Amino acid sequence: MIANTYMSYSSSEMLDYSRPILVFGRDGQVGRALQICLNDLKLPAVFLGRADCDLTCESSIVDVLNRYRPQVIINAAAYTAVDKAEVERDLAFAINAKAPELMARYIAHVAHGILVHYSTDYVFADTKQDTYLETDPVGPIEHLNVYGQSKLAGEQRIKDVFNLTHDSGNPSGNDKFSRYFILRTSWVYGDGANFIRMILRLASERDQLEVVSDQVGVPTSAQWLAETCVQVAGSRATSGIYHAVPDGQTSWHGLAVFAMEIATSCGEGFEVKSKNILPILATDYIAQARRPYNSRLSNAKLKKALSEMAFTSQYPHWQEQVEAYVKEHASNYLKASQILKN
Ligand SMILES: NC(=O)c1ccc[n+]([C@@H]2O[C@H](COP(=O)([O-])OP(=O)(O)OC[C@H]3O[C@@H](n4cnc5c(N)ncnc54)[C@H](OP(=O)(O)O)[C@@H]3O)[C@@H](O)[C@H]2O)c1
């Protein structure tokens, strides 16, 4: 559905599709979803993995930008090892801050095109009980884990690059070229390692699980993030940060229980019943990096922007997305366990 409506909207009036869209992070959860989405739309795109362009190497980034001369860059690559980042600070900053800055400079100064970059709820550190707006203050920096600090630095560098450009002749940031979109999201699941897959795997190995119940957020489908990114990139929306999460909210425990209820409704094969998923406190779960208790992002700004685009579709609730995802993956697990039994 998105494919057809997007195609009818993304006319060459907005973008020159003779130059390919350059996607970094090909092999990540969002990167894989972008491959499906852009290929379905038959949009010319080049997908780069680590072997094609190491984002820790500035000359490697400059080389690919000069080679492909993209008008649109989608950066789905990131250093996402949240705990390991505590001891790999420089690496996290190189990938999450310096690399996006180079992409921003290229788009703002050379291509005069569009940069879409993903960021995270980890730029907030429990300063609010309610959902965070894009205008809420981030940090405080000393309460963010290193991953959150590096992603925040990436956001700030992108904004700085575009603001400097706009200061010299394009103050609105709202014309049809040279724009950036930072899509902040949370609790992503797709084709790759993620919380839901971990729960499904553990549930087929154990008869009881303990899951944190006092951290809340919004589970977000990588497929939807890819579709949303393509819509936003092809729109006239204003440069800036957008919180890209579905409706609703839950805790990790709530997500695990919901996922298992859906999974067990697909058939036998899981040892854990949802009543055997026990709530624990975050303080009982030992991790190197501190995580926020409140990861809830308000999606009102994105919803409004999408509603002003050439088409509107039903804005999703996290439960419907997780239900579809679990049904697909639970049946894979059940098929695999059936094969093992036979
Ligand atoms: N996952 C979440 O829960 C979550 C939550 C909030 C925000 N986000 C943000 O959403 C975006 C997409 O996340 P995701 O879940 O799709 O991440 P992911 O699955 O971890 O994928 C990240 C990709 O970045 C690539 N990468 C890492 N270091 C690289 C380097 N030096 N050079 C080139 N590529 C490199 C990785 O390559 P390899 O495959 O070779 O390792 C991987 O394919 C990121 O910006 C992330 O910060 C994610």
Side-chain angles (χ1 to χ4, degrees), residues 22-37 46-65 73-85 88 90-100 102-103 115-124 132 144-155 157-158 180-199 215 217-226 228-229 241-246 252 255 289 291-292 295-297 299 318 321-322 325:
L22 200 60
V23 180
F24 292 93
R26 178 191 64 204
D27 302 315
Q29 297 193 91
V30 174
R32 286 178 187 198
L34 281 162
Q35 288 185 56
I36 294 170
C37 184
V46 172
F47 302 93
L48 300 177
R50 194 189 290 260
D52 310 302
C53 178
D54 180 353
L55 294 179
T56 61
C57 174
E58 288 190 34
S59 63
S60 168
I61 300 172
V62 172
D63 281 353
V64 297
L65 295 177
I73 293 178
I74 302 174
N75 180 28
Y79 181 105
T80 54
V82 176
D83 290 311
K84 218 167 155 197
E88 290 189 339
D90 290 350
L91 197 55
F93 270 76
I95 298 164
N96 292 347
K98 185 67 191 174
L102 295 175
M103 296 174 201
L115 171 65
V116 187
H117 172 78
Y118 291 95
S119 192
T120 172
D121 55 296
Y122 280 23
V123 299
F124 295 112
Y132 290 101
L144 301 179
N145 58 38
V146 171
Y147 166 75
Q149 289 177 19
S150 68
K151 293 293 291 182
L152 178 58
E155 289 187 1
R157 291 188 196 189
I158 291 171
Y180 71 91
F181 301 104
I182 296 172
L183 303 181
R184 274 191 199 141
T185 188
S186 67
W187 297 18
V188 177
Y189 57 90
D191 185 0
N194 63 63
F195 176 82
I196 297 176
R197 284 197 182 180
M198 181 185 72
I199 290 294
Q215 289 174 338
V218 191
T220 306
S221 142
Q223 185 194 328
W224 178 78
L225 279 174
T228 302
C229 157
I241 295 177
Y242 290 80
H243 288 174
V245 290
W252 291 116
L255 174 56
R291 271 114 171 129
S295 281
R296 293 173 306 147
L297 303 173
N299 57 24
W318 72 265
Q321 293 191 336
V322 169
Y325 180 82

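In listed order, ligands and their atoms are each counted from 1. If you read the sequence from its start, that first residue is 1, and numbering goes on from there. No hydrogens, no waters, no symmetry mates; every other heavy atom, side chains included, goes into these values. Computed from a predicted structure; not experimentally measured.
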- line: Note: heavy atom closest to atom 30 (C) of ligand 1, options Leu55, Val123, Leu225, Leu34, belongs to Leu55
query: Nearest protein heavy atom to atom 33 (C) of ligand 1, by residue and atom, and its distance?
result: Cys53 O, 3.3 Å
statement: the protein heavy atom lying closest to atom 43 (O) of ligand 1 turns out to be Gly28 N, 3.0 Å
task: Look at atom 7 (C) of ligand 1 and say which protein heavy atom is nearest, naming residue and atom and giving the distance to 0.1 Å.
output: Ser119 O, 3.2 Å
statement: Going by the 4.0 angstrom heavy-atom rule, the piece of Ala193 near ligand 1 is neither
message: I need the Thr185 OG1 to His243 NE2 distance, nearest 0.5 Å.
response: 10.0 Å
message: Contact between ligand 1 and Ala81 is defined here as a heavy atom of the residue under 4.0 Å from a ligand atom; is it met?
response: no
task: Evaluate the criterion side chain to side chain contact (heavy atoms under 4.5 Å, CB included) for residue pair Asp27 and Arg50; output intermediate values, then yes/no.
output: CA-CA 8 Å; Asp27 302 315; Arg50 194 189 290 260; over 6 Å; no
field: Side chain Lys151, main chain Tyr118, donor-acceptor under 3.5 Å
entry: yes
message: What I want to find out is whether Arg291 reaches Asp121 closely enough, with some N-O distance under 4.0 Å, to be called a salt bridge.
response: no
field: Nearest neighbour in protein (non-hydrogen) for atom 24 (O) of ligand 1
entry: Ala78 N, 3.1 Å
- line: Looking only at non-hydrogen atoms, the one of Asp121, Val188, Thr80 nearest atom 20 (O) of ligand 1 is Thr80
query: Using heavy atoms and a threshold below 4.0 Å, how should the contact between Ile95 and ligand 1 be classified: side chain, backbone, both, or neither?
result: side chain
- prompt: Ignoring hydrogens and geometry, is there a side-chain-to-backbone donor-acceptor pair from Tyr325 to Gly190 under 3.5 Å?
  reply: yes
query: Hey, is the main chain of Ala78 close enough, under 3.5 Å, to the side chain of Asn96 for a donor-acceptor pair?
result: no
Any Ala222 heavy atom less than 4.0 Å to ligand 1: no
task: Return the residue, atom name and 0.1 Å-rounded distance of the protein heavy atom closest to atom 39 (O) of ligand 1.
output: Asp27 CB, 3.7 Å
- prompt: Tell me, do Val123 and Tyr132 make a side-chain contact under 4.5 Å, heavy atoms counted?
  reply: no
- prompt: Only one of Val46, Leu48, Leu34 clears side chain to side chain contact (heavy atoms under 4.5 Å, CB included) with Val23; which?
  reply: Leu34
statement: Looking at His117, Lys151, Arg50, Arg184, the heavy atom closest to atom 41 (O) of ligand 1 belongs to Arg50
- line: From the list Trp187, Trp252, Tyr189, side chain to side chain contact (heavy atoms under 4.5 Å, CB included) with Phe195 holds only for Trp252
task: Measure from atom 46 (C) of ligand 1 to every heavy atom in Tyr147, Tyr79, Tyr118 and give the option owning the shortest one.
output: Tyr147
task: May I ask you to identify, for Ala76, whether its side chain, its backbone, both or neither come under 4.0 Å of ligand 1 on a heavy-atom basis?
output: backbone
message: Counting non-hydrogen protein atoms only, what is the nearest one to atom 31 (N) of ligand 1? Give residue, atom name and distance.
response: Asp54 OD1, 3.1 Å
- prompt: Counting N and O atoms only, with roles assigned by atom type, does the side chain of Asn299 sit under 3.5 Å from a partner on the main chain of Leu297, one being a donor and the other an acceptor?
  reply: no
- request: List the closest protein heavy-atom neighbour of atom 19 (O) of ligand 1: residue, atom name, distance to the nearest 0.1 Å.
  value: Gln29 N, 3.0 Å
query: Looking only at heavy atoms of Gly192, does any of them come nearer than 4.0 Å to an atom of ligand 1?
result: no
- request: Identify the protein heavy atom lying closest to atom 6 (C) of ligand 1, giving its residue, its atom name and the separation to 0.1 Å.
  value: Thr185 O, 3.2 Å
CD (Gln223) with more than 12 external heavy atoms under 6.0 Å: no
